[in-house]
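What follows is a short report on a single structure.
Residue numbers begin at 1 in each chain, while the letters A, B, ... track the order of the sequences.
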Protein chains: 2
Amino acid sequence: MSILKAEKSRTNYHHGNLEMALIAAATEMIRESGVEHISLRAVAAQVGVSPSAAYHYFPDKDALISGVGLALFDLLADRQEVAMAAFPGNGEKAVRARFRALGRAYFEWGNTESNLFRLMFGVFCALDQEQTVAARDESRAWKLLQGSLDQLANVGAINSAVRPYGEILAWSAVHGATSLIIEGHLPEAAFESVLDALEISLRMVKSNE
Amino acid sequence: MSILKAEKSRTNYHHGNLEMALIAAATEMIRESGVEHISLRAVAAQVGVSPSAAYHYFPDKDALISGVGLALFDLLADRQEVAMAAFPGNGEKAVRARFRALGRAYFEWGNTESNLFRLMFGVFCALDQEQTVAARDESRAWKLLQGSLDQLANVGAINSAVRPYGEILAWSAVHGATSLIIEGHLPEAAFESVLDALEISLRMVKSNE
DNA sequence: AGAATAATCTGTACATCGTTCAGATTTGGA
DNA sequence: TCCAAATCTGAACGATGTACAGATTATTCT
């Protein structure tokens, strides 16, 4: 789970790679305790450095936390790619399996690493209204979703009337279900239902207006 | 926005209704600054009471915050009921308008009171795995959603194949879209798209397997 | 190589925070 | 009226985020 092993046993006065070491330590501590329970001082102590040292790389604690959160989006995309790789091929069956794997990987990441998931989609990683579209279009996860829906469309497993809504609907539903389940507002089994409903909806829709 | 006006000008030694006054003050301060930026001391000062006084009603700061969050679910349901009341009648048009109003009220609550929304669905108000189904079935918002979907089914505006998924899919999609928009991962216009997609999906689905 | 300069880290300090606890104040019932 | 319970204050403690002056190491220039 460590983003980068930047431990250098620290005999020198200079650390070597303090910025990454701070992010790695903060990630692990947030993972275990939640973002609301970590302190800059504890992270610095874990790395073996004085609290003030962190201020050379981050203007304040929030910046360190944001750094942690933003780095996590790549980890989530990694998980999704691995999950989809389990279903190779271009047939409808494989394409649909990959779509489900994409969503399920999102949920399982959130469910097993809920402290990290909360950080990623919490207020610390909020984007400006101007950044949002640009950041989304560049994000690996968004591209994976786009590609998966395109492939569904290619094999005729998704109706053209809803295809334009595909990304937004799928992401919203999967993200919402994950969040609600994590916080205990929906039971865990609800996620497969959302995948079912999503697949049925996208697939069987027939335009009649 | 104040849940309860419990200001008593405080000439006496005893406050009168300190518990509610603390919740009201904390609600307002969280609303303005976010849950991560409020302090128990500031809340107590706002009410005109010493910090220790709060510990007579709440075991710790987290309990006060949870108290604030849990009270907000009723406010959200209020908003939804008001929004739906704007479209009376039993025709398909009215029923569908109420369904959209239900979702839109959820989004607008989240979008205009994002600090309160984050609190409600954040870690401070997380439920145990045992509480989840019970709490959900008792929640007013869940009943509103159930009723709205039942009415859609009655007027034939929703296919029976997806009806069982209705609550979970709609809540997940609406909640997910709201969250993602609030944190800047989707543009604000995406919400109407989600409503469109949801309505189309639920309405036009034809079971063929 | 040696000296000047930049980069990096420490130590101390301060205001604020959550929380505890002993005791002051007020209320309500016998 | 007096006593007990309920309610609130005040002082205190350790921990936190952060600023700043200065110590230490690395780099560059001659």
Side-chain angles (χ1 to χ4, degrees), chain A residues 4 6-30 32-69 115 119 122-125, chain B residues 4 6-30 32-69 115 119 122-125:
Chain A
L4 179 53
E7 354 239 334
K8 204 193 156 196
S9 78
R10 180 95 173 102
T11 67
N12 315 335
Y13 190 87
H14 282 200
H15 181 279
N17 201 349
L18 184 53
E19 180 171 5
M20 286 305 161
L22 287 170
I23 290 208
T27 302
E28 181 55 26
M29 297 175 76
I30 291 173
E32 285 174 2
S33 315
V35 71
E36 69 278 7
H37 289 127
I38 70 148
S39 71
L40 216 194
R41 298 176 100 106
V43 173
Q46 171 81 11
V47 174
V49 111
S50 97
S52 325
Y55 287 84
H56 219 272
Y57 301 96
F58 304 97
D60 55 12
K61 182 192 178 186
D62 287 3
L64 168 58
I65 291 179
S66 298
V68 171
N115 284 326
L119 169 58
V123 77
F124 285 107
C125 298
Chain B
L4 180 52
E7 354 239 334
K8 204 193 155 196
S9 77
R10 181 92 175 103
T11 66
N12 315 336
Y13 190 88
H14 282 200
H15 182 281
N17 201 350
L18 185 52
E19 180 173 4
M20 285 307 160
L22 287 170
I23 289 207
T27 303
E28 181 55 26
M29 297 176 77
I30 291 172
E32 285 174 2
S33 315
V35 72
E36 68 278 7
H37 290 127
I38 70 147
S39 70
L40 216 192
R41 298 175 100 106
V43 173
Q46 171 80 13
V47 174
V49 111
S50 98
S52 327
Y55 287 84
H56 218 272
Y57 301 96
F58 305 97
D60 54 12
K61 183 191 178 187
D62 286 4
L64 168 59
I65 292 179
S66 298
V68 171
N115 284 326
L119 170 58
V123 75
F124 285 107
C125 299

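To the nearest angstrom, C1' of D:dT16 lies 13 Å from CD1 of A:Ile65. When rounded to the nearest whole Å, the span between CG of B:Asn17 and C1' of C:dT26 equals 17 Å. A straight line from CD of A:Glu19 to P of C:dA7 spans 15 Å, rounded to a whole angstrom. Straight-line distance from the CG atom of A:Leu64 to the C1' atom of D:dT18: 14 Å, rounded to whole Å. Rounding to whole angstrom units, CD of residue B:Glu36 and P of D:dG17 are separated by 14 Å. Here D:dT25 presents its C1' atom at 12 Å from NE2 of A:His56, a figure rounded to the nearest Å. Atom NE2 of B:His37 is separated from atom P of D:dT16 by 18 Å (rounded to the nearest Å).
Rounded to the nearest 0.5 angstrom, A:Leu18 CG and A:Phe58 CZ are separated by 8.0 Å.
If you check every strand for non-hydrogen atoms under 4.0 Å, B:Tyr57 touches sugar and phosphate atoms only.
By the side-chain contact (heavy atoms from CB on, under 4.5 Å) test, B:Glu32 pairs with B:Glu28, sequence neighbours left out. Under the side-chain contact (heavy atoms from CB on, under 4.5 Å) criterion, A:Ser39 pairs with A:Arg41, A:Ala42, not counting sequence neighbours.
Without hydrogens or angle criteria, B:Ser33 side chain to B:Ile38 main chain gives no donor-acceptor distance under 3.5 Å.
Residue B:Leu40 comes nearest to B:Ala54 through the heavy atom pair CD2-CB, 3.6 Å, listed as atom of the first residue, atom of the second, then distance.
Between A:Gln46 and A:Met29, the closest side-chain pair of non-hydrogen atoms falls below 4.5 Å.
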Identify each atom pair where a protein N or O and an N or O of nucleotides 17-20 of chain C are less than 3.5 Å apart, giving names and distance.
from: C:dC17; atom 1: OP1; to: B:Ser39; atom 2: OG; distance (Å): 3.3
from: C:dG18; atom 1: OP1; to: B:Leu40; atom 2: N; distance (Å): 2.9
from: C:dG18; atom 1: OP1; to: B:Lys61; atom 2: NZ; distance (Å): 3.0
from: C:dG18; atom 1: OP2; to: B:Leu40; atom 2: N; distance (Å): 3.0
from: C:dG18; atom 1: OP2; to: B:Arg41; atom 2: N; distance (Å): 3.2
from: C:dG18; atom 1: N7; to: B:Arg41; atom 2: NH1; distance (Å): 2.4
from: C:dG18; atom 1: O6; to: B:Arg41; atom 2: NH1; distance (Å): 2.7
from: C:dT19; atom 1: OP2; to: B:Tyr55; atom 2: OH; distance (Å): 2.8
from: C:dT19; atom 1: OP2; to: B:Lys61; atom 2: N; distance (Å): 2.8
from: C:dT19; atom 1: O5'; to: B:Tyr55; atom 2: OH; distance (Å): 3.1
from: C:dT19; atom 1: O4; to: B:Arg41; atom 2: NH1; distance (Å): 3.4
from: C:dT20; atom 1: O4; to: B:Ser52; atom 2: OG; distance (Å): 3.2

